[in-house]
Number of protein chains: 2
Amino acid sequence: MNIGEIARRSGVARSTVSYALSGKRPVSEETRRRIQEVVDELDYRPNAAARALKEGRTRTLGLVIPPAGARLTAMQLDFVASVAEAAARVDLDVLLSPSGGDSDRSFERLISGRRVDGVILMEIRLADPRVTRLEQAGMPFVTIGRTGEPDRTWWVDLDYASLVSRCVHHLADLGHTDIALINRSAELVAAGYGPGSRAHEGFTEAVERRGLAGSEFCCGDDAPSGESCVAGILTEHPAITALVTINEAALPGVQRALERAGREVPATFSVVGVAARQWAEDFRPQLTAADVPSLEMGAIAVELLTERIADPEAVARHRLFAPPISLRGSAGPAAR
Amino acid sequence: MNIGEIARRSGVARSTVSYALSGKRPVSEETRRRIQEVVDELDYRPNAAARALKEGRTRTLGLVIPPAGARLTAMQLDFVASVAEAAARVDLDVLLSPSGGDSDRSFERLISGRRVDGVILMEIRLADPRVTRLEQAGMPFVTIGRTGEPDRTWWVDLDYASLVSRCVHHLADLGHTDIALINRSAELVAAGYGPGSRAHEGFTEAVERRGLAGSEFCCGDDAPSGESCVAGILTEHPAITALVTINEAALPGVQRALERAGREVPATFSVVGVAARQWAEDFRPQLTAADVPSLEMGAIAVELLTERIADPEAVARHRLFAPPISLRGSAGPAAR
DNA sequence: TTGTAAGCGTTATCAC
DNA sequence: GTGATAACGCTTACAA
């Protein structure tokens, strides 16, 4: 089914069908109705490739996800779902590219094959080759997370430094003096992964300001890592009475380690952190945490990207999210 | 950058460039090399839209995922990742369509806009309107999960009936006589969701054959639902000594309820089920379970789909997975 | 071995 | 208010 067939059946020119559907020039009510009838009957929709070729835009966004080797966390998954959803709401399609570096074939296709009008990137490194590549290719993009040069680029991000800092202050207010930070994996932190280093910054700054003893621990993105990490903390640093975590995938393990050690939360140990609401509510007792607004972040990423696509000269915009800490039941006064 | 520019810079005709890149007709080594140099220098790749228009195929697969309202489970997420990965390996792109019913705009664009060469569908209902729509449109598709008429269609699926049956037999062999099935949510089961009804079948059949007392419980796809479901079982059906579950998202809650109730796994209560390996290993003790081979299933789905696209007349093929139960530590002899 | 040209289905310009 | 037609960038049948 193509526009020529619609035109033939409605007894008009192809251009008239095009205009009737786009509304870009007036069409008499009579012919518009006749065309619409045929269109509805045959369930016609313009061929995407032909339209993209002619218009020079694909009405498609690229979403670069970590390759399957690196398992996606619930938060990343939420971003994928929310980006797809937000794009669908404005009639944009989303093309998935599971790429790690900058020389991946599917990533290259997106760019030089002009498969998409713009790209959303997740799991950004402070120095990210994919960002360089997109800039060089002149492809509009928005990152979820920011690079080391955040002023020049378009992004949405969580303010990990301030969130972790707030967590520390909250624990300090409750009287805790000896606390731990459960960070992401050592590999990620070493690779210059933003959340890792910014959580570190926020933690050391706040710990120092409040005169606390703070220890930092890297931890893999899974429950077993969380369990062994916290088990280690409990045995080797018995003075520690509270922890703040940005590693949500480790939470089930954190919980298990505390239970095994017979620590009551929050009576004899407090836990606070940054996590998707679902993870926070799955914790027992429910986790006092800054709830990551992943749905909103995905939606804003799409919004920024469409804006940048519409005006390639526009000055860079970003959005830093610092959601409030939701008090649930996992943090209490320090035992004395 | 387009093929004309490459041709001009290499001093040949556009068709020669095309042939040099596709290899569809011999090109002298000398010119091939000259062209390749220019291509490499300018990082040229054929425009995807133009190529799709000319060839009548998009080299893109559609992947229909549940809309964000219904949160994706870890298993669904694994499917998404593995499909994207498998497609990328054969240089196909994946277009995401978050659609529930058959009249979603993004779903319709896939089909009548000819945005993709074929579609992969997940979360299939026994009677699924999306399947009907794809058949009517003549769009090749493969489902992850199967409909009520599995002979006519292409799919990959888990053999829930046989897996659950095996779990029951395993528990019976261990001496359990009073067991429970934790199914998916009541809504899903009522809506004719395959895994739900097939788990039911396998359970009742095996329970009957072994002369056991079996009770079935529906449970939402999250930890809190799992916790209250199992808590209810323990108080209201004290005779039950073991359960089999196909609801992996409920597992953390299942564990919590057992711990709260002071039941030792596997000493005083046994748990077996069907789950992604990651979920099974997160359980304490690790869960004796049939490990869902999501990576392989996604890859096979892509393989079947490409096959069907290549030969639209081919007779329907499918693949039913019945992975063995991996013995871990969560099931033991019935306490007497 | 290479070049010429038609045509894929659209949209937009120009003409009436 | 509507129709004819060129052009988007590519692949491929046909010519040389």
Side-chain angles (χ1 to χ4, degrees), chain A residues 1-39 42-60 91 93 109-117 137, chain B residues 1-36 38-39 42-60 91 93 108-117 137:
Chain A
M1 195 45 43
N2 62 36
I3 201 173
E5 182 64 16
I6 305 293
R8 206 183 54 69
R9 299 213 192 189
S10 342
V12 296
R14 290 180 324 190
S15 54
T16 303
V17 174
S18 178
Y19 285 121
L21 291 175
S22 71
K24 289 189 182 170
R25 94 178 178 190
V27 171
S28 81
E29 182 50 29
E30 160 63 10
T31 47
R32 202 202 55 72
R33 209 185 29 71
R34 207 166 63 242
I35 292 171
Q36 190 62 53
E37 266 169 22
V38 180
V39 164
L42 300 185
D43 193 36
Y44 164 78
R45 260 174 208 79
N47 177 298
R51 174 183 260 197
L53 179 57
K54 180 59 183 155
E55 291 189 323
R57 61 174 178 148
T58 60
R59 297 165 189 260
T60 305
D91 288 332
D93 286 313
R109 267 202 308 272
L110 285 194
I111 301 175
S112 26
R114 307 242 73 114
R115 298 220 55 154
V116 298
D117 299 331
Chain B
M1 194 44 46
N2 62 37
I3 202 174
E5 182 65 15
I6 305 292
R8 205 183 54 69
R9 300 213 191 189
S10 349
V12 297
R14 292 182 329 188
S15 57
T16 304
V17 175
S18 178
Y19 286 122
L21 291 175
S22 71
K24 290 191 181 169
R25 96 178 176 190
V27 171
S28 81
E29 182 52 28
E30 160 64 10
T31 49
R32 202 203 54 73
R33 209 185 30 69
R34 210 167 60 243
I35 290 170
Q36 191 61 53
V38 179
V39 164
L42 301 184
D43 193 36
Y44 165 78
R45 258 172 210 80
N47 177 297
R51 172 183 262 196
L53 180 57
K54 178 62 186 159
E55 292 189 323
R57 61 174 178 148
T58 59
R59 297 165 188 259
T60 305
D91 287 334
D93 287 313
E108 286 302 326
R109 266 201 310 273
L110 286 194
I111 302 175
S112 26
R114 307 243 71 112
R115 297 222 55 155
V116 298
D117 299 331

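The chains referred to below are lettered A, B, ... by the order of the sequence lines, with proteins before strands, and numbering in each begins at 1.
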Worksheet item: Is there a side-chain polar atom (N or O) of B:T31 under 4.0 Å from OP1 or OP2 of C:dT1?
Response: no
Practice prompt. Check side chain to side chain donor-acceptor pair (under 3.5 Å) between A:D43 and all other residues, then give those that pass, not counting sequence neighbours.
Written response: A:R45, B:R133
Response to the item:
B:R115 CZ to C:dG9 P, in whole Å, measures 17 Å
Worksheet item: Is there a donor and acceptor pair closer than 3.5 Å between the side chain of A:R8 and the base of D:dG3?
Response: no
Practice prompt. Give a yes or no on whether a donor-acceptor pair under 3.5 Å exists between the nucleobase atoms of D:dT2, that is its base, and the side chain of A:R25.
Written response: yes
Item to complete: With rounding to the nearest 0.5 Å, note down the distance linking CG in A:L42 to CD in A:E37.
Response: 11.5 Å
Response to the item:
To the nearest angstrom, the CZ-P distance between B:R33 and C:dT1 comes to 16 Å
Worksheet item: From the list C:dT2, D:dG1, C:dG3, which nucleotide is the closest neighbour of the side chain of B:V12?
Response: C:dG3
Worksheet item: Does OP1 or OP2 of D:dT11 have a side-chain N or O of B:S22 closer than 4.0 Å?
Response: no
Worksheet item: Has B:S15 got a side-chain N or O lying under 4.0 Å from the OP1 or OP2 atom of C:dG3?
Response: no
Fill in: Flag for A:D93-A:T60: side-chain donor and acceptor within less than 3.5 Å
no
Discussion item. Let's see if you get this right: which residues in residues 43-56 of chain B place a heavy atom under 4.0 Å from DNA chain C?
Written reply: B:L53, B:K54
Practice prompt. Map B:A13 and A:T16 onto DNA chain C by nearest heavy atom, then report which one ends up closer to the 5' terminus.
Written response: B:A13
Discussion item. Are the side chains of B:N2 and B:E5 in contact, using a 4.5 Å heavy-atom criterion?
Written reply: yes
Worksheet item: Is any side-chain heavy atom of A:R59 less than 4.5 Å from a side-chain heavy atom of A:R57?
Response: yes
Discussion item. If I take atom CD1 in residue B:I3 and atom P in nucleotide D:dC8, what distance separates them, rounded to the nearest angstrom?
Written reply: 14 Å
Discussion item. Expressed as a whole number of angstroms, how long is the span from A:E29:CD to D:dT2:C1'?
Written reply: 16 Å
Fill in: Note: B:R33-B:E29 ion pair, threshold 4.0 Å (strictly below)
no
Discussion item. Under 4.0 Å, counting only non-hydrogen atoms across every strand here, what does A:S28 touch: a base, just sugar-phosphate, or nothing?
Written reply: sugar-phosphate
Discussion item. Can you measure B:E30 atom CD to C:dT1 atom C1' for me and round it to whole angstrom units?
Written reply: 13 Å
Worksheet item: Starting at CZ of B:R59 and ending at C1' of D:dC10, how long is that distance when rounded to a whole Å?
Response: 11 Å
Distance-only criterion, 3.5 Å: show the donor-acceptor pairs between side-chain atoms of residues 11-24 of chain A and protein atoms not counting sequence neighbours.
unit_1, atom_1, unit_2, atom_2, d
A:S22, OG, A:S18, O, 3.2
A:S22, OG, A:K24, N, 3.2

Worksheet item: For the pair made of CZ in A:R14 and C1' in D:dT5, what is the distance, rounded to whole Å?
Response: 8 Å
Practice prompt. Whole angstrom is fine here: how far is it from OH in A:Y19 over to C1' in C:dT10?
Written response: 11 Å
Worksheet item: Does B:K24 put a side-chain nitrogen or oxygen below 4.0 Å from OP1 or OP2 of D:dT12?
Response: yes
Discussion item. Please classify the nucleic acid contact of B:G113 as base, sugar-phosphate, or nothing, using heavy-atom distances under 4.0 Å.
Written reply: nothing
Worksheet item: For B:M1 and B:I6, which heavy atoms make the closest approach, and how far apart are they?
Response: SD-CD1, 4.1 Å
